[in-house]
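The structure under discussion appears below in the form of structure tokens.
As a basis for the values below, the full set of heavy atoms in this structure was taken, side chains included, without hydrogen atoms, waters or symmetry mates. Letters A, B, ... are given to chains in the order of the sequence lines, protein chains preceding strands, and every chain is numbered from 1.
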2 protein chains.
Amino acid sequence: MIELNFSKGNGLIMTIAQDYKTGEVLMAAYMNKDSWDLTLKTNIVHYWSRSRNKLWKKGESSGNIQEVKEIRIDCDNDCVLIKVNQIGDAACHTGYRSCFYRKVSENTLIIDGVKVFDHDEVYGS
Amino acid sequence: MIELNFSKGNGLIMTIAQDYKTGEVLMAAYMNKDSWDLTLKTNIVHYWSRSRNKLWKKGESSGNIQEVKEIRIDCDNDCVLIKVNQIGDAACHTGYRSCFYRKVSENTLIIDGVKVFDHDEVYGS
């Protein structure tokens, strides 16, 4: 049995999704116990949405689901790293491959991520 | 000016440290506004320790500090990805290169990470 420490983060643990082929960090979000159990059971990544306050199957609207390739746990059992096969090649709702499509440069943000789809075409404007 | 959303996480944002050469995810922790400002100012990664409830210069005990190579921000400004040069080649206090030195396999955890130093030799037993 794998015991994660959900109590430290009031029921939530940090979760990082990393592309299993390239190593690119695609996104970070939270899981509660239910999303953790569902992820293990289905092999499809489920998070907990803090803004919508509900279980969140990643890609439920866009179809860009995340297939689990490997799950790693950190030293104090309160963070999960999942290597995923990102269906649709884009993790971010903005259409970029990674949510981290901007980098800090001289105290401002520069967009240098790869855009895969147009947000309005997928979700409606 | 870069405006991060500290309010969503009660003053804290998720921070991921990734090896700038290999892409290996080394650890995840939190930053508050002070640690974010200090990280930008010094180019050395500072976190906020939830367990010790204090500002935490990573490597302050072990010497294994993290030099900032690149900082990336996610789409909703509440998560930071830092590509680092990990001094001492180990991010984890256990002596492993990465805090994610265990992977899930058939509902148990298997250690397959690389051990760089012995915990007791560095921190005392």
Side-chain angles (χ1 to χ4, degrees), chain A residues 1-5 8-10 12-19 21-30 36 39-40 50-51 68-83 91-96 98-113 119, chain B residues 1-5 8-10 12-19 21-30 36 39-40 50-51 68-83 91-96 98-113 119:
Chain A
M1 235 355 236
I2 298 161
E3 296 289 346
L4 299 183
N5 185 348
K8 201 168 165 188
N10 297 315
L12 300 179
I13 50 170
M14 235 193 261
T15 306
I16 303 160
Q18 183 179 29
D19 187 290
K21 286 191 297 256
T22 66
E24 184 175 16
V25 175
L26 299 174
M27 61 179 286
Y30 286 89
W36 167 248
T39 298
L40 287 182
R50 292 187 300 171
S51 48
V68 174
K69 289 292 183 177
E70 183 177 281
I71 303 181
R72 306 190 69 85
I73 309 295
D74 82 339
C75 49
D76 49 4
N77 301 308
D78 65 358
C79 186
V80 172
L81 171 64
I82 308 186
K83 300 195 180 182
C92 189
H93 71 288
T94 58
Y96 287 94
S98 163
C99 290
F100 298 94
Y101 59 90
R102 300 170 299 168
K103 72 172 177 184
V104 174
S105 177
E106 293 175 5
N107 212 22
T108 185
L109 288 174
I110 293 175
I111 294 178
D112 67 347
H119 173 274
Chain B
M1 231 5 229
I2 299 162
E3 296 289 348
L4 298 183
N5 185 348
K8 203 168 163 186
N10 296 316
L12 300 179
I13 51 171
M14 231 193 261
T15 305
I16 303 159
Q18 184 179 28
D19 187 289
K21 287 192 296 258
T22 66
E24 185 175 16
V25 175
L26 299 174
M27 61 179 286
Y30 286 89
W36 167 248
T39 298
L40 287 183
R50 291 187 301 172
S51 48
V68 174
K69 289 292 184 176
E70 184 177 280
I71 303 181
R72 308 190 68 87
I73 309 295
D74 83 337
C75 50
D76 50 3
N77 300 307
D78 64 358
C79 185
V80 173
L81 171 64
I82 308 187
K83 299 193 181 183
C92 190
H93 71 289
T94 57
Y96 288 94
S98 164
C99 291
F100 298 94
Y101 59 90
R102 299 170 301 169
K103 71 172 177 184
V104 174
S105 177
E106 293 174 6
N107 214 22
T108 186
L109 289 174
I110 293 176
I111 294 178
D112 66 348
H119 173 274

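The pair B:Arg72-A:Asp112 meets the salt-bridge criterion, with a side-chain N (NZ, NE, NH1 or NH2) lying under 4.0 Å from an Asp/Glu carboxylate O.
A search for side-chain hydrogen bond (donor to acceptor under 3.5 Å, both in side chains) contacts involving B:Tyr30 returns A:Tyr30, not counting sequence neighbours.
In this structure, the portions of A:Cys79 lying under 4.5 Å from any heavy atom of chain B include both its backbone and its side chain. At a 4.5 Å heavy-atom cutoff, the contact between B:Leu81 and chain A is made by backbone and side-chain atoms alike. Proximity to chain B (any heavy atom under 4.5 Å) is shown, for A:Ile71, by both the backbone and the side chain.
Nearest approach of B:His93 to A:Cys75, heavy atoms of both residues: CE1-SG, 3.8 Å. Here the shortest heavy-atom pairing between B:Ala29 and A:Met14 reads O-CE, 3.4 Å.
For chain B, the option among A:Cys99, A:Gly23, A:Gly113 with the highest count of heavy-atom pairs below 4.5 Å is A:Cys99. Note on B:Val25, B:Thr94, B:Leu40: by heavy-atom pairs under 4.5 Å with chain A, the leading option is B:Val25.
Within the 4.5 Å cutoff, the side chain of A:Asp74 has no heavy atoms near those of the B:Met27 side chain.
Within the structure, the side chain to side chain donor-acceptor pair (under 3.5 Å) test picks out the following pairs touching residues 99-111 of chain B (sequence neighbours left out): A:Asn77-B:Arg102.
To the nearest 0.5 Å, the span separating CZ on A:Phe100 from CD on B:Gln18 amounts to 9.5 Å.
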Q.
side-chain contact (heavy atoms from CB on, under 4.5 Å) for A:Arg50 and B:Asp78? Distances and angles first, verdict last.
A. CA-CA 12 Å; A:Arg50 292 187 300 171; B:Asp78 64 358; 3.2 Å; yes
